[in-house]
Protein chains: 2
Amino acid sequence: MSWKNNTSITLDRFDISILDILMKDNMTPQRQIAEAVNLSAAAVQRRIKKMTLASVIHSNIAIVNPIMVGLPITLIVEIELVDVRNDVIEEAKTRLLNMPVVQQCYYVTGQADFFLILHVATMADYENFSRNLFFTDPNVKKIRTSVAIDSVKVGHTLAIK
Amino acid sequence: MSWKNNTSITLDRFDISILDILMKDNMTPQRQIAEAVNLSAAAVQRRIKKMTLASVIHSNIAIVNPIMVGLPITLIVEIELVDVRNDVIEEAKTRLLNMPVVQQCYYVTGQADFFLILHVATMADYENFSRNLFFTDPNVKKIRTSVAIDSVKVGHTLAIK
DNA sequence: ACTCATATGAAACAAAATTGCATTATACCC
DNA sequence: GGGTATAATGCAATTTTGTTTCATATGAGT
């Protein structure tokens with residue numbers, strides 16, 4: 001992912017109202033959105049198109065319940081590296097990015113270098129992952145794992161403005 | 001959120017293929033999905049409906065680029081509590097859940113008790129948040145903050161099966 | 001006042017989702 | 001095997017939704 005600001009665009013209150021709706025449910029008919037924000041359906045549609053082109057709207061997706069698809073375990077993993085030279089970091093990023101169990105990956109300041117959020121079927125799967133991490137990368141100094149007992153909130157509704 | 005397993009449902013290869021597509025782009029026309037998985041559009045539509053009712057599909061949403069809406073700072077926050085009695089935890093969950101800056105919140109095992117992911121406009125906003133946290137809750141022992149330099153991956157595509 | 005650029009609503013149009021219906025496949029029971 | 005119930009399917013009609021067209025309105029700059 002790696003959020004980028006490609007385009008310049010200013011959002012007015014209409015745009016924000018539209019986004020507020022779409023961030024909760026993008027299957028809402030444009031006519032219904034139009035009614036909610038006091039615009040015509042055509043205007044709503046143009047604004048959505050514009051925001052999509054400007055990559056304000058990054059994508060439109062279905063959120064799947066991990067428990068219902070056999071991935072009941074959520075893990076938060078902190079990774080500390082030995083060497084933090086730029087090229088080494090970039091290499092690590094690429095590798096983590098391409099691991100399917102890695103749902104989210106943040107490169108951060110602070111004690112740790114990376115934060116990961118994983119979804120796995122079993123603890124054995126996690127063991128495979130972490131073992132693989134250590135084996136393939138001698139640069140991994142330390143990893144610290146937390147098991148999520150409760151995913152209290154997994155939101156995608158940004159509080160705009 | 002707090003993922004739940006309400007219903008029992010078994011997913012076959014068709015369902016998983018459909019999910020794989022919808023997790024990437026839920027605006028994909030059913031006809032196109034149908035073609036990709038070798039079913040009729042009607043069949044695809046019924047399967048999607050079924051999975052939605054069974055809450056395999058939790059929701060359908062637009063993913064908004066936080067940078068483009070003035071929330072360029074991503075933070076990872078670990079919270080450690082003094083008292084971890086059940087009712088205290090539940091209270092903390094409720095409060096965190098209702099904070100708009102809190103995008104994700106996990107109650108975890110390990111050193112920390114909670115992991116949060118926040119999106120804020122400025123560091124001042126974060127200061128407000130953390131100050132508010134300490135003031136309103138004497139049960140917060142310690143918080144540790146990491147600033148995301150790069151959101152390497154913010155995925156929602158689960159690796160099913 | 002004129003022009004350019006931009007945004008709008010209403011309506012026509014195109015495309016998509018949804019439903020009804022007949023058919024097929026599978027499992028289970030006598 | 002014959003019968004029956006259940007569930008899933010494709011096709012086609014229908015309905016809903018998204019998209020485009022067009023005429024009009026607004027505002028900034030000249």
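- Sequence order on DNA chain C of the closest nucleotides to Ala41(A) and Arg31(A) puts Ala41(A) first from the 5' end.
- Checked against dG9(C), dG10(D), dA7(C), the side chain of Lys50(A) finds its nearest nucleotide in dA7(C).
- In the model, Tyr106(A) has no side-chain atom that pairs as donor or acceptor with a side-chain atom of Ser146(B) under 3.5 Å.
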Between the protein and nucleotides 20-24 of chain D, list every N/O to N/O distance that falls short of 3.5 Å.
{"from": "dT21(D)", "atom 1": "O4", "to": "Arg46(A)", "atom 2": "NH2", "distance (Å)": "2.9"}

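- By the 4.5 Å heavy-atom criterion applied to side chains, Leu118(A) and Val77(A) are counted as neighbours.
- Distance Asn38(A) CG to dA10(C) C1': 17 Å, rounded to the nearest Å.
- Summarising the geometry, the separation between CD1 on Ile48(A) and C1' on dA7(C) is reported as 16 Å, rounded to the nearest angstrom.
- Summarising the geometry, atom CZ belonging to Phe114(B) is positioned 13.0 Å from atom NZ belonging to Lys153(A); distances are rounded to the nearest 0.5 Å.
- Atom-to-atom, CE of Met27(A) to P of dA16(C) comes out at 14 Å; the value is rounded to the nearest Å.
- Taking atom CD on Glu35(B) and atom P on dC11(D), their separation rounds to 13 Å, with Å as the unit.
- For Ile9(A) and dA7(C), the CD1 to C1' distance is 14 Å, given to the nearest whole Å.
- Within 6.0 Å of CD on Glu91(B) lie no more than 12 heavy atoms contributed by other residues, nucleotides or ligands.
- Between Lys161(B) and Asp20(B) there is no salt bridge, since no side-chain N of the basic residue sits under 4.0 Å from a carboxylate O of the acidic one.
- In this structure, Leu75(A) CG and Thr109(B) OG1 are separated by 8.5 Å, a value rounded to the nearest 0.5 Å.
- Among the nucleotides dA16(C), dA8(D), dA7(C), the one closest to any side-chain atom of Pro29(B) is dA16(C).
- Straight-line distance from the CZ atom of Arg47(A) to the P atom of dG18(D): 17 Å, rounded to whole Å.
- For Gln30(B), a side-chain nitrogen or oxygen approaches OP1 or OP2 of dT18(C) to under 4.0 Å.
- Comparing dT9(D), dA16(C), dT8(C) against the side chain of Leu39(B) picks out dT9(D) as the nearest.
- What separates CG of Asn60(A) from P of dA16(C) is a distance of 16 Å, to the nearest Å.
- The number of heavy atoms from other shown groups lying within 6.0 Å of CG (Asn98(A)) is above 12.
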